[in-house]
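Reading through the structure tokens given below for one structure.
Position 1 is the first residue of the sequence, and the numbers go up from there.
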Amino acid sequence: SKPSFDKPISPFSNFTGSVDERGTCQCSVSLPDTTFPANRVERLEFIAHSLSVKFEKELSKVKKYVQLISVYEKKLVNLTVRVEIMEKESISYTKLDFELIKIEVSEMKKLIIRLKENFVGSTEIVDQLEEEIRNMSLLVEDLETLDKNNVLAIRREIEALKIKLKECETSKEEKYPVILPPAPGSCSHGGVVNISKPSVVQLNWRGFSFLYGAWGRDYSPQNPKEGQYWVAPLETDGRTLQYYRLHNTLNDLLLYSYARSPQIRYGQGSGTAVYNNNMYVNWYNTGNIAKINLTTNVVAVTRALPNAAYNNRFSYANVAWQDIDFAVDEHGLWVIYATEASTGNIVISKLNDTTLEVLNTWLTKQYKPSVSNAFMVCGVLYATRTLNTRTEEIFYYYDTNTGKEGHLSITMNKMKERVQSINYHPFDQKLYVYNDGYLLNYNLIFLPQPQETARH
């Protein structure tokens, strides 16, 4: 008999069938494709790994560029502050000042170009930074143009006038010889009668937060033309001297290059001075004075300064921890301080620069805490006081050569509110002033010596 298909096929079967005219059962079975695509999975894993590596690489680049952008944003802020100061202050800036800023702007331009070439993703921040740097560059060029049209032009006119005067002097016979400015390192003059406007050298190498300190140039009578530049910012407490920097030339100092940065742990106050390759400091928390060899950074001598008050007993006005203030002039090394016996009035002592022994001492009638700072020139002490936030006055002098003292009125412009230290260099005949973190210098102008005195 023919098989019956009326009943359902066994539940274990997976086919459909029919019977042809001959009674033969025909079935068609659909088998699923159970072959595992291993090669496709391998390809997928390889692609996923490659993408992961690329992602990590690009993420690393992004992190690096974010750090660079952060660094250059800070540099841009620093440049902005400096340019704003240059816009606002009526202070002489040299051509080198503009060159230094242009170099920094140029470096940032190069970085921006590199960033734009390699940066993946949104460049909005980079574009904004590029625009700010472009504006900064234009601003510096404008300022330089203004300076060239004014300061540099005036300097050229002055040089031309000097040449004409020299030609005039050589072309005519004069009854008396022309009185020239004193030779570098010479005391053939009648004392300080005026001072130039400040020349802003730069911010100290440690930054805006280091308001207290001192700077200058080493003076050696044996090699007066030579002498390295030194900068000694105090720590932010305004008291401790731990680090100082030495540069062989002014250009090295301006470019922060070829510097030595020794460390000491025992300096106190801004009364530091350098003479004949030795630094002189007040020993921390004592009335002692110390001599440090700049070649070896080793303390060569320490000695108690007899009866000297210290630790803010008689410091300068507006400047703490400067009870003991060293000074250098044509005659050598000096120290300016006060004692209980002097009732706070300034005491001047000439020191043996080798042993730190006191050679001679002079008592003045000027109360030290009412003075903002002081310096020595040819054995004469000059003291300053604050008139306002932009002006000091050289108002007092004491001549150790004659024992005479008196009052002056020489106006001294400044960049910031407080003057932390003043150091004189005999060969340069300049004052090196540390002014709330900024390094300034001034040219001194001397009274010509009377002819009768000069002949003797």
Side-chain angles (χ1 to χ4, degrees), residues 185 187 214 216 218-222 230 232 241 264 266-294 298-316 319 321-371 373-383 396-405 421-426:
C187 290
D218 181 17
Y219 176 67
S220 172
Q222 291 75 31
W230 57 274
L241 173 60
I264 57 177
Y266 31 74
Q268 175 169 287
S270 303
T272 306
V274 172
Y275 179 68
N276 209 15
N277 198 46
N278 291 289
M279 177 175 283
Y280 297 87
V281 301
N282 175 204
W283 195 274
Y284 188 83
N285 205 37
T286 72
N288 295 347
I289 53 180
K291 169 185 172 182
I292 303 158
N293 184 292
L294 293 184
V298 171
V299 179
V301 182
T302 59
R303 181 185 287 269
L305 184 59
N307 304 314
Y310 61 95
N311 281 1
N312 281 335
R313 176 63 176 131
F314 297 119
S315 188
Y316 289 130
V319 183
W321 311 109
Q322 205 169 342
D323 303 75
I324 296 173
D325 184 20
F326 289 94
V328 172
D329 73 354
E330 293 79 358
H331 295 172
L333 181 65
W334 304 80
V335 64
I336 303 162
Y337 58 107
T339 66
E340 295 296 340
S342 75
T343 62
N345 287 349
I346 290 176
V347 177
I348 309 166
S349 286
K350 182 73 170 63
L351 296 177
N352 180 313
D353 63 281
T354 302
T355 65
L356 297 185
E357 180 185 359
V358 174
L359 302 177
N360 207 343
T361 297
W362 294 263
L363 304 178
T364 75
K365 296 178 182 177
Q366 178 60 50
Y367 188 53
K368 188 170 180 286
S370 68
V371 168
N373 228 280
F375 59 95
M376 300 290 297
V377 177
C378 290
V380 180
L381 175 127
Y382 293 90
Y396 171 83
Y397 73 91
Y398 184 97
D399 190 342
T400 64
N401 304 293
T402 64
K404 292 182 180 179
E405 58 188 324
S421 69
I422 302 176
N423 282 287
Y424 170 68
H425 192 277

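Counting only residues at least two apart or on different chains, the salt bridge (Lys or Arg N to Asp or Glu O under 4.0 Å) pairs with a member in residues 338-352 are Arg313-Glu340.
The side-chain tip of Lys404 does not point at the ring of Tyr398 from less than 6.0 angstrom away and within 45° of straight on.
Donor-acceptor pairing under 3.5 Å is lacking for the side chains of Tyr337 and Ser342.
For Asn276, the side chain to side chain donor-acceptor pair (under 3.5 Å) partners at least two apart in sequence or on another chain are Ser220. Scored by the ring pair (Phe, Tyr, Trp, His ring centres under 6.0 Å) test, Tyr382 finds Phe375 as partners (sequence neighbours excluded). For the side-chain contact (heavy atoms from CB on, under 4.5 Å) test, residues two or more places apart in sequence or in another chain that qualify with Thr343 are Asn345. Judged as a side chain to side chain donor-acceptor pair (under 3.5 Å), and not counting sequence neighbours, the contacts of Trp334 are Asp329. For Asn312, the side chain to side chain donor-acceptor pair (under 3.5 Å) criterion is met by no residue, not counting sequence neighbours. Residues satisfying the ring pair (Phe, Tyr, Trp, His ring centres under 6.0 Å) criterion with Tyr284, sequence neighbours excluded, are absent altogether. The side chain to side chain donor-acceptor pair (under 3.5 Å) test applied to Arg303 returns no partner, not counting sequence neighbours. The ring pair (Phe, Tyr, Trp, His ring centres under 6.0 Å) test applied to Tyr219 returns His425, not counting sequence neighbours. Residues forming a salt bridge (Lys or Arg N to Asp or Glu O under 4.0 Å) with Glu357 (at least two apart in sequence, or on another chain): none. In terms of the side-chain contact (heavy atoms from CB on, under 4.5 Å) criterion, residue partners of Asn282 (sequence neighbours excluded) are, by chain and number, Gln268, Ile324. Residues that satisfy the ring pair (Phe, Tyr, Trp, His ring centres under 6.0 Å) test with Trp230, not counting sequence neighbours, are absent from this structure.
The shortest side-chain heavy-atom distance between Trp283 and Thr302 falls under the 4.5 Å cut-off. Val298 places none of its side-chain heavy atoms less than 4.5 Å from the side chain of Ile292. Between Asn373 and Asp325, the closest side-chain pair of non-hydrogen atoms falls below 4.5 Å. With a 4.5 Å cut-off on side-chain heavy atoms, Leu351 and Val358 count as touching. Contact annotation: the side chain of Glu330 approaches that of Tyr424 to within less than 4.5 Å [non-hydrogen atoms, C-beta and beyond]. Put simply, the side chain of Pro221 reaches to within 4.5 Å of the side chain of Tyr275, judged on heavy atoms. Between Val328 and Tyr280, the closest side-chain pair of non-hydrogen atoms is not below 4.5 Å. In this structure the side chain of Ile264 reaches within 4.5 angstrom of the side chain of Leu241, judged on heavy atoms.
Judged by distance alone, the side chain of Lys291 and the main-chain N or O of Thr355 form no donor-acceptor pair under 3.5 Å. Judged by distance alone, the side chain of Glu405 and the main-chain N or O of Lys365 form a donor-acceptor pair under 3.5 Å. Side chain of Thr400 to backbone of Gly379: a donor-acceptor contact under 3.5 angstrom is found. Put simply, the side chain of Ser270 never gets that close to the backbone of Ser421: no donor and acceptor are under 3.5 Å apart. Formation of a donor-acceptor pair under 3.5 Å by the Lys368 side chain with backbone atoms of Ala338 is not found in this model.
The minimum heavy-atom distance between Tyr367 and Gly344, with the atom names listed, is CD1-O, 3.5 Å.
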